[in-house]
There are 2 protein chains.
Amino acid sequence: MTEATRRERLRAETEREIRQAARALLVENGRDAVTLRAIARKLGITAPALYRYYDSHDALLRQLCDDICADMAAALYADLAADTSGEVGCQVRAVCHAFRRWALAHPQEFALVFASPRDPIGADQFGSVFLQLAGQLIASNLVATHADDDVPEVLHEDLVRFQQVLVDAVSEHGVTIGDDVLNLGKIYHVVQSWVRLYGHVALEVFGRFPFAVSNPEPMFDSMLDQMLTDIGFAENE
Amino acid sequence: MTEATRRERLRAETEREIRQAARALLVENGRDAVTLRAIARKLGITAPALYRYYDSHDALLRQLCDDICADMAAALYADLAADTSGEVGCQVRAVCHAFRRWALAHPQEFALVFASPRDPIGADQFGSVFLQLAGQLIASNLVATHADDDVPEVLHEDLVRFQQVLVDAVSEHGVTIGDDVLNLGKIYHVVQSWVRLYGHVALEVFGRFPFAVSNPEPMFDSMLDQMLTDIGFAENE
DNA sequence: AACTCTTGTAAACACCGTTCACTGAAACCG
DNA sequence: CGGTTTCAGTGAACGGTGTTTACAAGAGTT
């Protein structure tokens, strides 16, 4: 049944507890509270024992980032699955709402993963749900066509690279799409949508709107409507 | 001449050195390197002496944030003054470019001020240049009119509050504007512009675009063009 | 039973924020 | 001027941190 030896099972269990303790500390008291000694204290062991599992405090924090990304992706996929409309527009809306909801419910995690001047994030974890959905969105012909020459020549190189990333992400889920439905104009709008989605959510989480917003949700909805209109959806789908 | 006593001058000088040392540590080695003992070491004094100037490490960090905001505002105003076109559209472009340039040149400062889940930032410092310029922008009739009923009813309350903030910010500089030129539709677009500007800059600083962008500047320019178009300027002014 | 590998410990080092009793000199005042 | 107050700065200490090292003790293997 369990291929793993007793020792391997114990080790895996301890590792799980370490991650769990680190996560709890982050949520409860912020990044600076994620301390080797605090984690060890939660497990009833001593700090140096953690070095049997992670090379350094920094490595543990990186692992924590990965875990957070995985959890967020799971939450987003769950909210996406809950949408039974079958309409891509509704699905986009659902995922964007899910992203905002997750960020507001997990500000410390959001700050650690999305607003740290660190090495680039694990792309496998991070945006796979976004990429997957963006690919579907583009593949569906609901999106208005944007001619390639709408986007400046200098952007082509980067957008072609992103095009490849999208094709790979979608094909990983078994769907293949042609270059004709995935032109650079559409891709450019996906990037612009990410800018606005991230911008709004980060401003809200960090409280950096230029005035006190008492009712941010309709403002988000309004931004989303505009975004979906710009990207080629009718405002009321 | 100098009203201050000798002691007061020495104290002011030391305080200046403390801020300078803290800033240097932040720039060189990140937020976690801004340590009371490290600052004291740079000044050739001991750590407890710093408690004669700041109540705690946290208070010192807050002061650091204020200094950063002041410096950023100065940089933005400088780039604004360098624009001699007299066209508000060019001025907006200049300030947005200045903001991006400053953020990329000062990633640690940007992260500390704009992406920390802390108490709301000192509004006096932070966006005064944005507010000032946004006020001018709105006051100028170059901006296309957006009817008030374009924006959802639920947003009115918050936008009216922001309207007041803008009027105050502008009037502080001696300019008074009427309610007719500063309607809610325009204000809404200012907020949306801030979302996009902040979103792009933060994504670039933190490296969180969904693909490796080799040439971010034209992408920023492109976003800016779109933003100015949406806000009511012609793409080529 | 002997041996190795693994997981944990305890002690130590250097660093951190913070407090407290103290010093010495500048500033003030009669 | 002499006495007193004010205050920047010190040194020692406390409890906290990441990390290394030497060591113990149990699990797995032969």
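Proteins get letters first, then strands, A, B, ... in listed order; numbering begins at 1 in each. Nothing here was measured: the structure is a model prediction, and the numbers come from that model.
- Listed by chain and number, the residues in a ring pair (Phe, Tyr, Trp, His ring centres under 6.0 Å) with His97(B) are Phe220(B) (sequence neighbours excluded).
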Indicate every side-chain donor-acceptor pair of residues 15-22 of chain A with a distance under 3.5 Å to a residue at least two apart or in another chain.
unit_1	atom_1	unit_2	atom_2	d
Arg16(A)	NH1	Gln20(A)	OE1	3.4
Arg16(A)	NH2	Glu13(A)	OE2	3.3
Arg19(A)	NH1	Asp67(A)	OD1	3.1
Arg19(A)	NH2	Gln63(A)	OE1	3.3

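- Side-chain contact check for Val191(A) versus Val213(B): every heavy-atom pair is 4.5 Å or farther apart.
- Axis deviation across the helix from dA1(C)-dT30(D) to dG30(C)-dC1(D) amounts to 10°, comparing end segments of five pairs, rounded to 10 degrees.
- Every residue was checked against the ring pair (Phe, Tyr, Trp, His ring centres under 6.0 Å) condition with Tyr188(B), not counting sequence neighbours, and none meets it.
- Among residue pairs with one or both ends in residues 155-170 of chain B, those qualifying as salt bridge (charged side-chain N to carboxylate O under 4.0 Å, His left out) are Asp158(B)-Arg161(B); sequence neighbours excluded.
- Scanning for salt bridge (charged side-chain N to carboxylate O under 4.0 Å, His left out) contacts around Asp83(A) gives an empty result, with sequence neighbours left out.
- In this view, His106(A) and Trp102(A) satisfy the ring pair (Phe, Tyr, Trp, His ring centres under 6.0 Å) rule, not counting sequence neighbours.
- Within the 4.0 angstrom heavy-atom criterion, no nucleotide atom of any strand lies near Tyr54(B).
- Scanning DNA chain D 5' to 3' for nucleotides with an atom closer than 4.0 angstrom to a non-hydrogen atom of chain B gives a first and last hit of dT6(D) to dA13(D).
- Annotation: ring pair (Phe, Tyr, Trp, His ring centres under 6.0 Å) contacts of Phe162(A) (sequence neighbours excluded): Phe211(B).
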Would you list the protein and nucleotides 9-17 of chain C atom pairs, both N or O, that sit under 3.5 Å from each other?
unit_1	atom_1	unit_2	atom_2	d
dT9(C)	OP2	Thr46(A)	N	2.7
dT9(C)	OP2	Thr46(A)	OG1	2.5
dC16(C)	OP1	Arg41(B)	NH2	3.2
dC16(C)	OP2	Arg41(B)	NH2	2.4
dG17(C)	OP1	Leu36(B)	N	2.8
dG17(C)	OP2	Leu36(B)	N	3.1
dG17(C)	OP2	Arg37(B)	N	3.2
dG17(C)	N7	Arg37(B)	NH1	2.2
dG17(C)	O6	Arg37(B)	NH1	3.2
dG17(C)	O6	Arg37(B)	NH2	3.4

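- Take Ala33(A) and apply the side chain to side chain contact (heavy atoms under 4.5 Å, CB included) test, not counting sequence neighbours, and it matches Asn29(A).
- Residues satisfying the side chain to side chain donor-acceptor pair (under 3.5 Å) test with Arg101(A), not counting sequence neighbours, are Asp79(A).
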